[in-house]
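What follows is a short report on a single structure.
Chain identifiers are assigned alphabetically (A, B, ...) following the order of the sequence lines, protein sequences preceding nucleic acid strands; residue numbering begins at 1 within each chain.
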Amino acid sequence: MAGRPVHVPPVVGSLVNAYVICRRKAWLMYRQISPDEDNVFLHMGRLIQGQSYGRERKEVRLEHLSLDLIRRDDENLIVAEVKKSSRARAAARMQLAFYLYELREMGIEAKGELLFPEERRRERMVLDESLAQQVEHLKESVLMLVLQEQAPPPERTSFCNKCAYTEFCWA
Amino acid sequence: MQKTLYLFASGRLRRKDNTICVESDEGTKYFPVVSLRDIFVFGEVDLNKKLLEFMEENEIILHFFGYYGNYVGSFYPREHYNSGYVILRQAEHYLDPARRLELARKFVDGALANILQVLRYYQNRGKELAPYVESITRLAEESLPACGSVEELMAVEGNARGYYYESFNTILEGLPFTITGRSKRPPADPLNALISFGNSLVYAKVLTEIYKTHLDPRIGYLHATNFRRFTLNLDVAEIFKPILADRVLFNLVGKKMVGLEDFERRGGAYLLKERGRRLYVQELEEKLQTTFHHRRLRRNVSYQTLLRLELYKVEKHLMGEQPYEPFVSRW
Ligand code: SF4
């Protein structure tokens with residue numbers, strides 16, 4: 001009865017990110033089963049996002065996309081995604097690729113940049129055909145997953161220890 | 001770790017910048033709001049809407065207690081964790097009699113198992129508790145599985161508690177405390193006053209934790225839902241009352257930290273005086289901060305955290321993920 005949401009909200013960036021890290025996390029997020037805010041890592045993540053790049057920071061909302069940072073250099077529009085560490089790099093990469101893809105669908109060409117303020121690093125990203133295909137594929141998988149009746153069971157990975165869902169999953 | 005603020009003295013409670021300011025005869029104190037989880041109000045306090053708005057913003061619950069230390073009600077700020085999915089599941093399990101009974105039975109199951117753990121602990125210390133243990137075990141193993149309705153479950157639990165409270169006279173042998181039976185409003189003897197006080201604290205503690213989950217505290221399973229009162233916390237508290245409240249009681253009375261002089265008689269009622277209440281909450285807080293290793297989480301957790309984990313287990317049961325098994329103390 002309650003398993004299938006009647007209205008299917010679109011796939012958003014944070015969901016893509018979660019999916020790459022842990023499918024269960026994505027399923028829970030989609031149902032608004034939000035993690036415990038007492039979790040210190042969650043607090044830290046928010047603090048870092050709020051403080052770094054203060055000058056150029058502009059969170060931009062474009063339909064269902066919420067972009068950390070947008071700026072323009074000589075000729076390009078640059079969309080950036082800020083992450084706490086490169087630990088979840090693959091996830092951050094796919095999130096950013098997803099944004100570039102969605103922007104392209106809206107007719108906006110942009111380049112991407114991954115920012116790791118704690119490590120003082122930037123990584124450039126261009127949406128080429130192979131990456132675009134990966135995004136398309138990923139979007140489909142995410143949607144299939146979140147429409148499942150049951151959450152995927154928790155699986156212990158190196159992410160669990162720092163995951164805000166850890167108490168929920170392993171209670 | 002956020003703390004619980006207990007207010008015994010009477011006075012005023014107000015917002016001062018980003019702190020909560022308590023003004024009483026004891027002076028003025030400031031508490032940074034980020035370090036607070038909930039506030040237990042025992043004294044007569046004045047407060048205003050500005051304070052409540054501040055509490056709401058910062059997701060802090062206020063629990064109010066009456067003259068006898070009885071629970072009066074809570075200021076339960078607007079929910080901040082909302083999941084339509086979880087609430088629907090909660091209602092679904094309430095509306096389906098078989099599912100409701102299944103969950104309700106688990107709560108009684110857990111309550112009796114933890115009662116037995118407490119009794120065995122004192123048995124190991126030489127108390128003659130065998131008849132009580134036997135009677136309660138029989139109820140848990142024979143009567144409980146045979147119950148076909150929530151009312152029957154309540155009756156079995158009532159019987160078990162009857163034996164259990166009688167056993168207090170054996171556990172506290174030699175001390176100037178006796179109990180003739182459970183009397184709640186008002187408590188007819190000091191032990192009843194202590195039991196009531198402890199239970200209301202545990203109800204409030206569990207309610208605070210429910211606030212930190214997606215569960216709706218108004219939908220309970222053992223305690224009938226009527227959507228106006230909090231009931232889920234009563235259900236979950238059943239499991240923790242023996243191992244939190246009663247253990248604190250035995251400690252305080254057994255170690256003679258609390259004596260008859262800590263009670264006041266008002267007509268036919270007994271109530272725990274302020275000194276006793278302060279000692280009680282201090283012991284309870286110590287208990288709640290005690291940690292032990294949690295195997296699945298692979299780290300140490302406190303009893304405080306355990307309350308939350310228990311709620312997550314209920315949530316996962318409702319989601320059809322994992323059948324709920326109540327926490328049973330092993331020591
Ligand atoms: S705790 Fe582990 S299993 Fe659970 S959501 Fe986080 S990463 Fe996934």
Mind checking whether B:Y324 and B:H317 have parallel, tilted or perpendicular rings, split at 30° and 60°?
-> perpendicular
B:Y94-B:Q90 side chain donor-acceptor pair, cut-off 3.5 Å = no
Choice from B:K313, B:R298, B:Q322 maximising heavy atom contacts with chain A below 4.5 Å | B:R298
Counting only heavy atoms closer than 4.5 Å, note whether B:E315 contacts chain A via side chain, backbone, both or neither.
-> side chain
By side-chain hydrogen bond (donor to acceptor under 3.5 Å, both in side chains), B:E321 pairs with (sequence neighbours left out) A:R24
Under the side-chain hydrogen bond (donor to acceptor under 3.5 Å, both in side chains) rule, collect the residues that match up with B:S302, sequence neighbours excluded.
-> B:T305
Under 4.5 Å heavy-atom distance to chain B, tell me which part of A:P154 shows up: side chain, backbone, both or neither.
-> side chain
